[in-house]
Each structure stands twice: as structure tokens, then as C-alpha cells.
K.L.:
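Below: one structure in C-alpha cells.
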Amino acid sequence: MHPIRQLKQTIIQLVKTMYNHDFNTEDLPLSPTRKEFSGDYTLVTFALTRAAKTSPDQIATDIGDRLVQDYPAIVSDYNVIKGFLNIDIQTALWVGYLEALSSNPLPAFPRLDERVLVEFASPNTNKPLHLGHVRNILLGWSMSKILDRAGYEVVRVQVVNDRGIAICKSMLAWQKFGGGSTPESSGIKGDHLVGDYYVRFEEEFKAEYSAWQTTPAAADLVKAAKDKSDPQKPPVSEEGFFKSYKNTYFNEASTLGAEAREMLIKWEANDPDIRSLWSTMNGWVYAGFQQTYDALGVTFDKSYYESQTYLLGRDLVDKGLDKKAFYRQEDGSVWIDLTDVGLDKKILLRSDGTSVYMTQDLGTAEDRYRDFEAKRMVYVVADEQNYHFQVLFAILKRLNAPYANGLVHLSYGMVELPTGRMKSREGTVVDADDLIQEVIKEAQAGAVDRGESGDIPPEELAEVYKKIGLAALKYHIIKVNPKRKMIFDPKESVDLQGHTGPYIQNAYVRIQSIFRKAGEPTSGSSLAGYDLQSGEKELLLALSEYADHIQQAAEQYDPSHVANYAYAIAKAFHKFYHEFSVLRAESELAREARLHISSVTAQILQDAMHLLGMEMPERM
RNA sequence: GGUCCCAUAGCUCAAUGGAUAGAGCAACUGCCUUCUAAGCAGUAGGUUGCAGGUUCGAGCCCUGCUGGGAUCACCA
């Protein structure tokens, strides 16, 4: 049994008999002793002053005395500093725990017989994936692994936005300027090829718009806007007017805009030629996305396509009307009033009877519940949509959806560059594929600089560089609390030293190297009588906390807890490695104990990294 | 303007209401004949945006303020 659990039970019992005060395991103020003090665990006694009717120091001393006297098998010693009771656990207990941990290093959570659906990635098919998607994908994947480990049955899904005006823009530009090019003929990855035509459309449109701005019709509009403008506010500039008029121009005057919209209408009318082109180009995109997903090592159980789900949700509107949860205005539009829960009124059906994004999300939720009957759904979506999800969840609650209480928006902050937000117009968007290539290249360059890859078989080198490079990139992103907006510095993302993925991999690699020379520890061997040293105990204590960190990550929907824990373990191991020799241990018992500690460390590190979506190389 | 989020070392980030707020990067010093130096040890760096409050105890909870961001479409 975990020493802290024994200690907790003992203290709870003791406090009950001494002061008639009830603690339970969760609220007992017992934590690992800070390293500047001596002891294993520290009990904070302030909470007991009322029940004990004496000073914190006195309480600490009294409890300490009783622990040492009555439970000598558990507690060996104690000291008291300003109301903090620092407790030393018997070394034999730690050694016994190491033996147990060695045969069973990974925490086993009970299976919950509860299904949770995790939605992430959510790409649009008109553009390749970029850095923002990478954060989303890493969070979603890692969250799904952590929930799985915490006992849930996990279903991974993505929602693909494969329809709408955006993909029509790509299609139109390809028709007009593509000259029949394909990923095969051009040698360009499919999603990039389609993205290139999206960019081409925007360029052509911009040129058309600029040309139009010199026409008399445009000049009239500018004049009208200037005449109408509020004299209190700064005057309308020509440039400012054209900037804000862009969308209106696209919808009302643009030739290209008209062609793109016509294409969308034809698509909705199932025009066979348009549908065929659409399928072909989306097919290129999916092949491209698949390559990126493969490179990142993620998979989905099911993909939902908006082309198949965008009409869903209408029946829910009827249901909501029947239940009087929604209401219809004179113009025929349907709304929900959420002002009583601090939100606004929200439209669900336009006056022309067409649905909006929210309607579709309602339908998709219902659809997925029919598919998987998951009472929990986690949406991994950037925090710019916080309000949308508040509203979505509130509506589903009002409709009494059976899964309404299990809805979670795993909201994460936008990824920014040191120069500010990524802007496609300014070409500062960091492409996912480029980024992956870059980090692998850097990992290789780093290894070549170091010149120590000699004993790695040449056929494994590429694989090792890939694992190192991807760990650098992924760890750099996943270590940050999701809620935070993060500044992504490409230079730092390829760092291989310090608080990085490769640093953690290196701890694992060092252990594997020891095992190649010393052999694995003998399973089930007795370590009884070993006098664990404080540096060894420090690592063991950290290892004992793995389950807590998984639990915390699962409860808070925050994989960064696991990431930071893995770093703490790697750091503790590197220190241990420097302080103690395994191969040249002073005794056979010490050697065996250290082999066990190393083995547990390696397995926990590998497992934690696996939960984060990273792989360990055997050598580096 | 309403609502929500954020503010910690030069930079990027940690810190279940507990002790003297920690890491990494960047800078500087040491340590490879010894299990992989992608490492270890050390120096330096802080009024946790500001002002109050609650508490035995506040970076964390409450109020106000300042600065930054998101959002508030019959867009998605």
C-alpha cells in the first residue's frame, strides 16, 4: 500500500481519538514536505486549533509523539516547525512500496462503464492544417488518452467543415486557373493544393475589388458614406470605407463573388458536375489531412461531415417549440430566450426557414448521442467560441437532453507568434506540415552536432529523429495550461534541452542504456533491509504521485498536469542518475534497488508521454 | 457599452488556501578516463498589474481599479 495512504488513515484515526475531529482523506492537510525541510510528509495543524483548544505547535508535537510511539512501523521520526508537523516514514515501508510498485508500476483506475466522446481537430477543407489545429489536435488526443486511462470508454470524433462558400472559392479558382492540375500532376500535397487555390481566389478577388474601387460607382458610394457619417466621429477615409465594404461588395457587386455563390447554390441543388468536382477536391484534401494526422500519430473513430449534418437540428426546433422552450416571431424566425440564465436571446431558425450554426450543432449533438450514447461529450474548441458553447449547452439543458450535464467545452487559448496573431493575409500562418518537417530536421541537426549517434543502427536513425523532433514540438505545446493563450516561438519549439520533450526522452534512454549493460531488475526480488538513501527516496516519492496527476488532468481537462509531472520525474531521475551509480553500486542490494527504481521511472515516463501522444526512443 | 478570460523573473511557463513564490531559456562559474553531458551542481534575476477586504495563513477567494484579449450577426 502507498505509504501516504497508510499515514493518512493513521492520522485520521488519531485525530479522531485525540481531538474528536473528523477528517476525510480528501481534506486532510497532508502534503509532501518541501525540500528545504527534513521529513517525507507534512501535516498542517492550524485547522485543528479549535477542536484541540491549544496551539498549532503543541498539536503538532502531540500528534508527532503519538505517531512515533503508537505506530513505530509507519513513522520513524518527526519535527515541528511553526505549526507544521514534518513526518518521517519508516524506510522499510518505502522499500516495501518500491517492491510493490516494481511489479505494478502503472496506476490502475477502475473501468467506469461510462462512455465519453471527444471531438477535436475540426478542420475546414479549404485550407491545410496550421499551428492552431496542432494545439487543438494535441489537446484532444492527449485528453482522450487521459480519459481512457482514468477509466472511461473513449470515442474520438472530428467534425469536418467540408461545405460552404469557402470550399466553393477553392473550386472556382481551380476551375478558372487550375489547368486541370492534381496532386499527382503538381506534386503538391492535396490539402495544400486546394489551399493554394483558395489563396488564388482571394488574390483574384482582391484585384477585382481594387479595379472596381476606381469606378464612378465606387466613388459615389464613398461620397455617400462621407456625407452620412457622424460629425462627432473621425471622418470616413476612402481606405477605411473600402475595408468595411469588402463583404458587401463580395455579396452584391463582385463577379467572382456571384460565381462562387452560384456554385454554392448549385452544390445545394445537387448539381452533378459541381458535386463531382467537390468530391474530387475534398478527396485530395482528406488524403493530405491523413498524412498530417499520421505524422502526428492521431486517429479518429468517426468523422462527421457538415455536408451530411448541416440540415440536422430542424426536428429539435419543432421539439423545442412543442415544449415551449423556443418561440416563433411574427416573421417566422424561431428563437430561444436565455436571459434568465444570464445569456441572450438566440436565433435558431431564420425567417426564411433555414438553419444557423447553432441549430446544426444541436442536431450534431443529438446525432452523435444516437450513434454512441455517450453521456459525456468533450468539445475541444478555441476560446473564441466560449459564448457559443455556453449557449449550446444551455439550450440542450433546456431541452432536457440526457447528456446535458456531461457537456464540456475544453476551451483553449489561441496560439500566437512572438510577432502577434497569425494572419493569413500577412502570410504569418505557421503550416502544420512545415512545422513537423522543421522540428525533425532540427532534431537531426542536433544529433549530428553532438556526433553521438554512432551506436544507433543507421536504419533506425530516421525514426529516432522523428520521435525526438515531434516530442520537442508536442511537448512545447502540451506543457502549457490549455486555458492560456500561448506564445509560440518557433525557435523555442525546436529546443532539445531544458524543460523539453527530448529532456524527458533522455532520462528514459539513459535507463535503457543501463538495462542493456546490467540487465533488467529481477522481478519479485526482495529488497528487504535496504537502507534507502534520501536521493533515492526523493525520486520514489515523486513516482508515487503519478495517479494523482492523471486524476487531476482528467478532472480538470488539462493534460499539462501530466506533462509537467513527466518533466518533474525526468528531472528527479537525472539528479538520481548523477548522484548514484547503478552498475557500480556499493552493494548487490543497492544495485537491485536502483534497477527497480530505474525500471519504474522508465515505465512511468513512457506511459506519461504516451498519454501525451509522444513516443520514447530506445537510444538517442 | 454588456458578458467572459488573462496579468507571476528580461523571455516562455509552473505553483490541491500553507512554510523563504519555482523551472526552463538567455547571461555567468564549475563538472565528461566513471551507467548517454539532449545531463548535473552553482551565481544572478520578484513589491505575483494597482488598492482594499476575508483568513491563523492569499499569487490563488471577494470588491473596486488599470492594462490586454475574446465575444455580444437572420456569419460559420
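Side-chain atoms are counted along with the backbone in the values below, which use heavy atoms only and exclude waters and symmetry mates. Numbers restart at 1 for each chain; the letters A, B, ... are given by sequence-line order, proteins then strands. The model shown is predicted, which means the values in this text are computed figures rather than measured ones.
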K.L.:
Under 4.0 angstrom, heavy atoms only, what part of the nucleic acid is A:Tyr508 near: base, sugar-phosphate, or nothing?
P.N.:
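Contact class for A:Tyr508: none.
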K.L.:
Would you mind classifying the nucleic acid contact of A:Tyr567 as base, sugar-phosphate or nothing, using non-hydrogen atoms under 4.0 angstrom?
P.N.:
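The answer is sugar-phosphate, as A:Tyr567 gets under 4.0 Å only of primed atoms, P, OP1 or OP2.
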K.L.:
Looking for any heavy atom pair under 4.0 Å, which part of the strands does A:Ile468 touch: base, sugar-phosphate only, or nothing?
P.N.:
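If one applies the 4.0 Å heavy-atom cut-off, A:Ile468 turns out to touch a base.
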K.L.:
Can we say A:Glu442 and A:Lys491 salt-bridge, meaning some charged N sits less than 4.0 Å from an Asp/Glu carboxylate O?
P.N.:
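Answer for the salt bridge query: no.
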K.L.:
Nearest to the side chain of A:Leu583, which nucleotide is it out of B:C35, B:C13, B:C40?
P.N.:
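For the A:Leu583 side chain, the nearest candidate turns out to be B:C35.
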K.L.:
I'd like to compare against my own output: the B/S/- annotation of nucleotides 15-20 of chain B with a strict under-4.0 Å heavy-atom distance to protein.
P.N.:
S--BBS
K.L.:
For the P atoms, the ones on B:A23 and on B:G39, what distance do you get once it is rounded to whole angstrom?
P.N.:
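Straight-line distance between the two P atoms is 16 Å.
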K.L.:
Could you work out the separation of B:C50 and B:A37 based on their P atoms and round it to a whole Å?
P.N.:
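About 44 Å, rounded to a whole number of Å.
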K.L.:
For the residue pair A:Tyr379 and A:Phe393, is the inter-centroid distance of their aromatic rings smaller than 6.0 Å?
P.N.:
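Between A:Tyr379 and A:Phe393, the centre distance is under 6.0 Å.
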K.L.:
Check A:Pro107 against A:Tyr546 and note the closest heavy-atom contact, atom names and distance.
P.N.:
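For A:Pro107 and A:Tyr546, the tightest heavy-atom pair comes out as CD-CD2, 3.3 Å.
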K.L.:
Measuring to OP1 and OP2 of B:A23, would you say a side-chain N or O of A:Tyr503 lies under 4.0 angstrom away?
P.N.:
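For B:A23, neither OP1 nor OP2 has a side-chain N or O of A:Tyr503 closer than 4.0 Å.
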K.L.:
Checking understanding here: a glycosidic angle within 90° of 0 is syn, the rest anti, so what is B:C32?
P.N.:
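Syn.
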K.L.:
Taking the six-membered ring of A:Phe250, is the NZ or CZ of A:Lys169 close enough (under 6.0 Å from the centre) and on axis enough (within 45°)?
P.N.:
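Judged by the rule (NZ or CZ under 6.0 Å from the ring centre, within 45° of its axis), A:Lys169 counts as positioned above A:Phe250.
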K.L.:
Name the closest nucleotide to the A:Arg484 side chain, picking from B:A14, B:G24, B:G39.
P.N.:
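Out of B:A14, B:G24, B:G39, the nucleotide with an atom closest to A:Arg484's side chain is B:A14.
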K.L.:
What is the distance, to the nearest angstrom, from the NE2 atom on A:His499 to the P atom on B:A26?
P.N.:
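Nearest whole value for this atom pair: 15 Å.
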K.L.:
Between B:G46 and B:U20, how many Å separate the two C1' atoms, rounded to a whole number?
P.N.:
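Their C1' atoms lie roughly 13 Å apart.
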K.L.:
To the nearest angstrom, how far is A:Ile487 atom CD1 from B:A7 atom P?
P.N.:
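Going from A:Ile487 (CD1) to B:A7 (P), I get 13 Å.
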K.L.:
Quick check: closest heavy atoms across A:Arg591 and A:Val582, and the distance to 0.1 Å?
P.N.:
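Between these two residues, the closest heavy atoms are CG-O, 3.5 Å.
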K.L.:
Distance between the C1' atoms of B:U29 and B:G45, in whole angstroms?
P.N.:
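Those two atoms are separated by 16 Å.
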K.L.:
On a whole-Å scale, what distance lies between the P atoms belonging to B:C28 and B:A14?
P.N.:
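It comes out at 28 Å once rounded to the nearest Å.
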K.L.:
Side-chain N or O of A:Lys571 versus OP1/OP2 of B:G24: is the shortest distance under 4.0 Å?
P.N.:
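Looking at the OP1 and OP2 atoms of B:G24, one of them is under 4.0 Å from a side-chain N or O of A:Lys571.
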K.L.:
Quick check on the 6.0 Å ring-centre criterion: do A:Phe201 and A:Tyr198 meet it?
P.N.:
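No; A:Tyr198 has its ring centre 6.0 Å or more from that of A:Phe201.
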K.L.:
Between B:U48 and B:G22, how many Å separate the two P atoms, rounded to a whole number?
P.N.:
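About 13 Å, rounded to a whole number of Å.
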K.L.:
Which atom names give the shortest non-hydrogen contact between A:Ser307 and A:Asp162, and what distance separates them?
P.N.:
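Heavy-atom minimum between the residues: OG-OD2, 2.6 Å.
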K.L.:
What do you reckon, is CD of A:Gln512 surrounded by more than 12 foreign heavy atoms closer than 6.0 Å?
P.N.:
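It does: A:Gln512 CD has more than 12 such atoms within range.
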K.L.:
What integer number of Å spans the P atoms of B:C6 and B:C62?
P.N.:
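It works out to 11 Å between them.
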K.L.:
Which one, B:U12, B:C35, B:A14, comes nearest to the side chain of A:Val480?
P.N.:
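Of the options given, the side chain of A:Val480 lies nearest B:A14.
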K.L.:
For residues A:Ser534 and A:Glu538, is any side-chain donor paired with an opposing acceptor at under 3.5 Å?
P.N.:
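Side-chain D/A pair, A:Ser534 to A:Glu538: absent.
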K.L.:
Summarise protein proximity over nucleotides 68-76 of chain B in one line of letters, 5' to 3': B for base, S for sugar-phosphate only, - for none, counting protein heavy atoms closer than 4.0 Å.
P.N.:
--SSS-BSB
K.L.:
Check for me whether A:Arg163 meets the cation-pi criterion with A:Tyr310, that is, NZ or CZ under 6.0 Å from the six-membered ring centre and within 45 degrees of the ring axis.
P.N.:
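Output yes; distance and angle both within limits.
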K.L.:
P atom, B:A7 versus B:A15: distance in rounded Å?
P.N.:
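Straight-line distance between the two P atoms is 11 Å.
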K.L.:
Atom CE of A:Met616 and atom P of B:A38: how far apart are they, to the nearest Å?
P.N.:
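Nearest whole value for this atom pair: 16 Å.
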